[in-house]
Amino acid sequence: MPFLVVFIVLSLSFYIYYKVKYVRSNLPMEKKYISGKSSMALGLFIGLFGINQLYLYPTTTTYIVAALFIIMGTLSIWAGYKAYRFYLPHAIKEAEYVDEQS
């Protein structure tokens, strides 16, 4: 499926973008917030990769491996979303505090 490949490449690109942004950040809450976003991008990549494999190789082994990829991707998206939602208000407060100090 060509459209899945586009989404796979996009999600991998977002993962790399967020990891670079994570390394360049100096604020601890912002780092955790960005880490949650990168976890969601990585989970999307893994899940879409598993779905794509279902279309490419219809064998029993592929179904098992793809199911594991989809489950791992879903769990990563869920955990990343929870971290993102938890750290977002803290990152906003931290950014406002830094702006007030400068």
Side-chain angles (χ1 to χ4, degrees):
M1 300 299 240
F3 69 92
L4 278 177
V5 174
V6 171
F7 288 128
I8 289 169
V9 171
L10 277 174
S11 63
L12 183 62
S13 300
F14 275 114
Y15 174 71
I16 293 169
Y17 169 76
Y18 287 131
K19 280 302 175 183
V20 169
K21 195 172 178 181
Y22 174 85
V23 170
R24 297 185 70 188
S25 176
N26 293 327
L27 304 173
M29 287 298 127
E30 184 182 30
K31 279 190 160 201
K32 291 182 180 185
Y33 162 74
I34 294 170
S35 179
K37 289 170 75 170
S38 69
S39 178
M40 288 190 296
L42 181 63
L44 187 61
F45 169 73
I46 292 171
L48 289 175
F49 187 79
I51 292 170
N52 192 39
Q53 291 304 307
L54 291 174
Y55 290 108
L56 293 178
Y57 307 107
T59 64
T60 305
T61 306
T62 303
Y63 291 147
I64 294 169
V65 172
L68 290 175
F69 277 21
I70 293 168
I71 291 168
M72 285 175 42
T74 304
L75 291 175
S76 181
I77 291 170
W78 179 69
Y81 179 72
K82 286 188 64 113
Y84 165 81
R85 196 175 62 189
F86 179 78
Y87 289 114
L88 178 61
H90 299 294
I92 291 171
K93 286 180 186 176
E94 184 178 57
E96 289 172 354
Y97 179 74
V98 170
D99 285 341
E100 288 175 3
Q101 297 300 318
S102 48

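- Checking Ile16, Ile8, Leu10 one by one against Leu12, the side chain to side chain contact (heavy atoms under 4.5 Å, CB included) holds for a single residue, Ile16.
- Leu56 and Leu4 fall into different hydrophobic clusters, where Ile, Leu, Val, Met, Phe, Trp and Tyr side chains are chained together by heavy-atom contacts under 4.5 Å.
- Relative orientation of the His90 and Phe86 rings is tilted, given thresholds of 30° and 60° on the angle between their planes.
- To the nearest 0.5 Å, atoms CZ (Phe49) and OG (Ser11) are separated by 11.0 Å.
- How far CG of Asn52 is from CZ of Phe69: 11.5 Å, rounded to the nearest 0.5 Å.
- For the pair Lys37 and Tyr84, the cation-pi test (distance below 6.0 Å, angle within 45°) is failed.
- Side chain of Ser39 to backbone of Gly36: no donor-acceptor contact under 3.5 angstrom is found.
- Under a 3.5 Å cut-off, the side chain of Glu94 and the backbone N or O of Met29 do form a donor-acceptor pair.
- Rounding to the nearest 0.5 Å gives a distance of 9.5 Å between CG of Leu48 and CZ of Phe3.
- Closest non-hydrogen pair, Leu54 versus Ala66, comes out as CD2-CB, 3.5 Å.
- Atom NZ of Lys31 sits about 6.0 Å away from atom OG of Ser25, to the nearest 0.5 Å.
- Hydrophobic clustering, with ILVMFWY side chains joined whenever heavy atoms are under 4.5 angstrom apart, groups Tyr81 together with Phe14.
- Within the 3.5 Å criterion, the main-chain N or O of Pro58 finds no donor-acceptor partner in the side chain of Thr62.
- In the hydrophobic cluster analysis, where Ile, Leu, Val, Met, Phe, Trp and Tyr join through side-chain heavy atoms closer than 4.5 angstrom, Val20 is grouped apart from Tyr22.
- Val9 is listed as a side-chain neighbour of Ser13, based on a closest heavy-atom distance under 4.5 Å.
- The shortest distance between side-chain heavy atoms of Leu44 and Met40 does not fall below 4.5 Å.
- Thr74 contributes a side-chain N or O that, together with a main-chain N or O of Ile70, makes up a donor-acceptor pair within less than 3.5 Å.
- For the atom pair OH (Tyr15) and OG (Ser76), the distance works out to 9.0 Å, reported to the nearest 0.5 Å.
- Here the CD1 atom belonging to Ile71 is positioned 12.5 Å from the CD1 atom belonging to Ile46, to the nearest 0.5 angstrom.
- Around atom NZ of Lys19, more than 12 heavy atoms belonging to other residues, nucleotides or ligands sit under 6.0 Å away.
- When the side chains of ILVMFWY residues are joined at heavy-atom separations under 4.5 Å, either directly or via intervening members, Trp78 and Met72 end up in two distinct hydrophobic clusters.
- Each of Tyr33 and Ile77 belongs to its own hydrophobic cluster when Ile, Leu, Val, Met, Phe, Trp and Tyr are linked at side-chain heavy-atom distances under 4.5 angstrom.
- Cation-pi contact between Lys21 and Tyr18: absent, since separation from the ring centre below 6.0 Å together with deviation from the ring axis within 45° is not met.
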